[in-house]
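In what follows, a structure is listed as structure tokens, so that the remarks can point back to it.
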There are 2 protein chains.
Amino acid sequence: MGNVTIYDVAELAEVGIGTVSRVLNNSARVSKETRNKVLEVIKKLNYQPNAMARGLALQKTGSIGILISNFTSHFFMEVLKGVQQGLKKYNMDLVLYTVSAGDFYDITRKENYIDRILSERRVDGVLAITMKMTEEEINKFKSVKVPLVLVNDLQESNSSVFVDDIEGAKEAVNYLINLNHKRIAFINGCMDCRQGNQRLRGFKDALKEANIEIDNNLIKIGDFNEESGYNLMKEILEETKENLPTAIFTASDIQAIGALKAIKEAGYSVPDDFSLIGYDNIELSKHLDLTTIAQPMSEMGELGVEMLMKSINSQQNEIIKRELVPNLVVRDSCSKI
Amino acid sequence: MGNVTIYDVAELAEVGIGTVSRVLNNSARVSKETRNKVLEVIKKLNYQPNAMARGLALQKTGSIGILISNFTSHFFMEVLKGVQQGLKKYNMDLVLYTVSAGDFYDITRKENYIDRILSERRVDGVLAITMKMTEEEINKFKSVKVPLVLVNDLQESNSSVFVDDIEGAKEAVNYLINLNHKRIAFINGCMDCRQGNQRLRGFKDALKEANIEIDNNLIKIGDFNEESGYNLMKEILEETKENLPTAIFTASDIQAIGALKAIKEAGYSVPDDFSLIGYDNIELSKHLDLTTIAQPMSEMGELGVEMLMKSINSQQNEIIKRELVPNLVVRDSCSKI
DNA sequence: CTGTTAGCGCCTTCAG
DNA sequence: CTGAAGGCGCTAACAG
């Protein structure tokens with residue numbers, strides 16, 4: 001069972017390699033007899049076309065690339081599940097391009113990375129997960145005509161699947177408002193990305209609509225990580241000592257976990273002293289009974305694949321945008337006031 | 001910036017393609033002048049060799065495959081980090097073969113899967129993570145000479161990197177014993193894998209060494225998932241009502257989480273009523289303050305890559321076994337009695 | 001030292 | 001409907 005090639009098949013089936021190739025790509029017309037004969041030999045020899053050779057001839061690799069940064073593990077894992085799910089029916093391989101945190105912020109290396117992916121031509125298209133691609137980078141993909149779809153990110157000039165974070169934040173805050181909370185704090189992630197901006201806007205919008213005055217002391221900007229949640233919560237506890245909020249909305253579950261830690265350290269508890277609501281619905285949150293806004297992560301992945309495959313197969317450069325809506329998952333970290 | 005090939009650079013540099021190839025693989029001797037000239041053109045054209053073509057000529061793909069089952073996500077994520085880390089210096093790509101739960105148990109499909117990987121020849125070697133490969137499957141790899149290394153699994157006939165689970169379980173139980181616990185329950189995973197067997201053995205060994213009699217009512221066999229932990233804990237609570245254990249050791253953190261749930265539901269708490277210790281040290285356990293046995297997950301990944309690359313590059317079929325030892329991570333789920 | 005040529009395994013015209 | 005031949009982009013002898 002060494003390396004059986006198309007020639008072996010042709011020889012044993014007593015036909016030319018052209019014929020074998022034809023049945024392989026069930027293209028053109030081949031007589032039923034010969035087709036069956038060839039098929040038989042293929043099975044007998046356990047023949048499978050060599051991916052490289054086929055790729056070279058076809059100028060198609062039969063695989064897509066997925067570009068991620070290595071520090072979004074929870075989120076990524078879920079998206080990946082969707083991607084795999086979506087990929088199943090296409091029988092394509094998946095190559096993983098992980099740009100590590102360091103490379104990501106080092107412009108030079110990030111560019112090199114993309115250049116390499118593009119020129120090596122090992123993949124027929126790429127899915128960029130939460131990648132904040134620049135216009136210039138997007139153009140690189142366009143100029144070499146390898147389809148790119150942005151997942152969990154939105155850029156005008158490129159196909160994207162993303163979520164309506166304004167709506168998500170509003171859902172969270174409205175839920176709190178319905179529980180009679182009026183003093184609601186918001187621990188946000190960074191503001192140099194869509195997510196941060198939208199969630200802040202959703203937060204404010206919900207408050208406005210409920211005619212609750214916005215207290216800027218209750219709005220904190222940080223990062224989407226645990227440490228940030230912890231620190232900002234401590235700040236809030238400190239700074240608003242004489243007029244504490246009754247509820248806290250964090251822009252990520254991980255921040256909520258940090259906040260929870262700060263809350264406990266200060267001798268308070270959730271949901272008795274504070275109602276706490278997160279964002280993302282990572283697996284952790286389930287185990288912590290954290291009420292949160294669920295991002296449709298695996299759906300994003302699956303949809304991303306769908307869009308990418310369509311783009312790969314149609315070869316026309318239509319830009320498609322798909323916006324998904326997050327939804328509230330009620331657990332046990334919020335209480336009526 | 002379309003598809004620049006080796007011919008383009010040869011032409012522009014006014015040399016033959018052979019020369020370009022030589023500087024690319026900085027092989028043989030090329031005069032400094034021509035080498036520099038070529039290098040210059042390469043940079044100018046932003047040329048990068050086509051991976052497929054090179055692969056076809058070299059009979060090497062420049063990438064490795066990683067075979068995983070999709071239901072070990074936490075664990076996998078950590079191993080993957082190590083793999084990426086290890087892969088960095090080799091500048092190889094990583095293709096992900098996820099055999100989903102369904103396929104995995106459907107023998108036919110699993111075999112087809114491996115056949116496909118092997119005969120497509122898209123990768124130079126594969127890392128199988130927690131895969132319980134059969135002798136027959138391993139032989140398939142051998143017969144086509146694509147290097148395989150088993151990660152978190154041990155088979156006599158193949159290179160493997162794995163952990164000493166006997167020792168790990170002993171560490172856990174010894175810790176409990178040092179806390180004066182005598183009635184220690186063990187919630188194990190399934191017994192049809194090395195992990196389950198070894199952990200049970202470690203559990204028993206530690207007890208024996210401490211001259212504590214083994215109570216078979218306190219040993220439960222199930223699966224490595226949350227539900228199993230929950231159910232088995234309930235059984236224990238039920239069956240040993242009049243003589244409850246004081247400590248519980250679970251064979252995975254996920255089971256510990258399930259057990260925790262059952263404990264809480266029954267009105268007990270950890271670590272006051274029961275000491276609880278898990279296994280794995282998945283990220284979750286940190287947030288739940290669960291004392292556990294840390295598996296060197298990313299080390300396994302990194303070491304696996306190292307071994308695989310050595311095997312790929314040396315082309316000699318040496319079988320190497322590397323056993324790593326897990327270590328105790330003390331948090332807050334156990335108390336002295 | 002360097003240009004030329006023959007594959008690597010497959011697909012796709014082009015004749016027949 | 002089918003065999004033969006050229007080419008995909010690159011590497012590795014082989015002659016200069």
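Computed from a prediction, not measured in an experiment: that's the story for all the values here. By convention in this document, chain letters (A, B, ...) are assigned in the order of the sequence lines, proteins followed by strands, and residues within each chain are numbered from 1.
- Defined by atom type and a distance below 3.5 Å, a donor-acceptor pair is missing between the side-chain atoms of A:Ser311 and A:Glu318.
- Residue A:Ser21 places at least one side-chain N or O under 4.0 Å from the OP1 or OP2 atom of C:dC11.
- Protein atom CE of B:Met52 is 15 Å distant from nucleotide atom C1' of C:dC11, rounded to whole Å.
- Summarising the geometry, the separation between NZ on A:Lys60 and C1' on C:dC10 is reported as 16 Å, rounded to the nearest angstrom.
- Phosphate contact (OP1/OP2 of C:dT2, side-chain N/O of B:Thr34, threshold under 4.0 Å): present.
- One distance of note links CZ of A:Phe75 with OG1 of A:Thr130; it measures 4.5 Å at 0.5 Å rounding.
- What separates CG of B:Asn36 from C1' of C:dC1 is a distance of 15 Å, to the nearest Å.
- Across the protein-nucleic acid pair, A:Glu120 atom CD and D:dG9 atom C1' stand 13 Å apart, rounded to whole Å.
- Inter-axis angle, ends of the helix from C:dC1-D:dG16 to C:dG16-D:dC1, five pairs per end, rounded to 10 degrees: 50°.
- A:Ile6 has its CD1 atom 14 Å from the C1' atom of D:dT2, to the nearest Å.
- Heavy-atom distances under 4.0 Å link DNA chain D to B:Tyr7, B:Ile17, B:Gly18 of residues 7-18 of chain B, given in residue order.
- Among pairs with a residue in residues 297-309 of chain B, those fulfilling side-chain hydrogen bond (donor to acceptor under 3.5 Å, both in side chains) read B:Lys89-B:Glu306, B:Tyr90-B:Glu306, at least two apart in sequence or across chains.
- C:dC10 atom P lies 12 Å from atom CG of A:Leu58, rounded to whole Å.
- A salt bridge does not link B:Arg194 to B:Asp153: none of the charged side-chain nitrogens sits closer than 4.0 Å to a carboxylate oxygen.
- Between A:Arg116 and B:Asp93 a salt bridge is recorded (basic side-chain N to carboxylate O distance below 4.0 Å).
- With rounding to the nearest 0.5 Å, the separation of OG1 in A:Thr98 from CD1 in A:Ile66 is 9.0 Å.
- Listed nucleotides: D:dT11, C:dC1, D:dG9. Nearest to the side chain of B:Thr5: D:dG9.
- Between B:Leu56 and B:Lys32, the residue anchored closer to the 5' end of DNA chain C is B:Lys32, taking for each the nucleotide with the nearest heavy atom.
- With respect to the salt-bridge test (charged N to carboxylate O, under 4.0 angstrom), the residues A:Asp115 and A:Lys140 qualify.
- A donor and an acceptor atom sit less than 3.5 Å apart, one in the side chain of A:Arg22 and one in the base of D:dG3.
- Nearest nucleotide to the side chain of B:Ala53, out of D:dC10, C:dC8, C:dC10: D:dC10.
- When the P atom of D:dC1 is taken as reference, atom NZ of A:Lys37 falls 15 Å away, rounded to whole Å.
- Between A:Gln59 and D:dG9, a side-chain N or O to OP1/OP2 separation shorter than 4.0 Å is present.
- Between B:Asp124 and B:Lys145 there is no salt bridge, since no side-chain nitrogen of the basic residue lies less than 4.0 Å from a carboxylate oxygen of the acidic one.
- At whole-Å resolution of the value, CZ in B:Arg54 and P in D:dC10 are 9 Å apart.
- Considering only heavy atoms from C-beta on, B:Ile64 comes within 4.5 Å of B:Leu94 through its side chain.
- Remark: A:Lys43 does not engage A:Glu40 in a salt bridge, criterion side-chain N to carboxylate O under 4.0 Å.
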